Amino acid sequence: VAGEYKIAKNNLVRLAIRDTAFQVLEEFLAGPNGWVFAYDDPVGLSKALVKFAGENDEVTIKGAVLDVTFLAP
């Protein structure tokens, strides 16, 4: 499954999503955040991430975006 995990400062993400369809994510820009980007198979990567989060209490999934639609956990 092709994908990436990135960390970016919340202020930079806020600037990048301003006036876009992704601005709905602004409410989650508090505290530390990691961003996972799926390239080939978003379902497969999502399943792997959910499994990893279930095995690691330090990981919390705040939500997801598929195309430009926000999906709550």
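Just so it is clear, the structure is predicted and the values come from calculations on it, not from any experiment.
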(message) Let me check something: do Y5 and L49 share a hydrophobic cluster, defined by ILVMFWY side-chain heavy atoms less than 4.5 Å apart, either directly or through other members?
(response) yes
(request) Can you establish whether the number of heavy atoms outside K62 located under 6.0 Å from its atom NZ is more than 12? (result) yes
(message) Is any side-chain heavy atom of I17 closer than 4.5 Å to one of V13?
(response) yes
(request) Give a yes or no on whether the backbone of V59 and the side-chain of N56 come within a donor-acceptor separation of less than 3.5 Å. (result) no
(request) Taking the side chain as every heavy atom from C-beta outward, state whether K47 and V50 have any pair of such atoms under 4.5 Å apart. (result) no
(message) In the structure I gave you, are the side-chain heavy atoms of N33 and I7 within less than 4.5 Å of one another anywhere?
(response) no
(request) Could you state whether I61 and F52 fall into the same hydrophobic cluster, counting links through intermediate Ile, Leu, Val, Met, Phe, Trp or Tyr residues with side-chain heavy atoms under 4.5 angstrom apart? (result) no
(request) Using the rule that two of Ile, Leu, Val, Met, Phe, Trp, Tyr join whenever any of their side-chain heavy atoms come within less than 4.5 Å, decide whether F22 and Y39 are in one cluster. (result) yes
(message) Using side-chain heavy atoms (C-beta onward) and a distance below 4.5 Å, is V65 in contact with L71?
(response) no
(request) Report yes if the distance between the aromatic ring centroids of F28 and F70 is under 6.0 Å, otherwise no. (result) yes
(request) Identify the two heavy atoms, one from L45 and one from G3, that lie closest to each other, and give their separation to 0.1 Å. (result) CD2-CA, 4.1 Å
(request) Say whether, by atom type as modelled, one donor and one acceptor occur between the side chain of R18 and the main chain of Q23 under 3.5 angstrom. (result) no
(request) Determine whether W35 and L25 make a side-chain contact, defined as any pair of heavy atoms from C-beta on separated by less than 4.5 Å. (result) yes
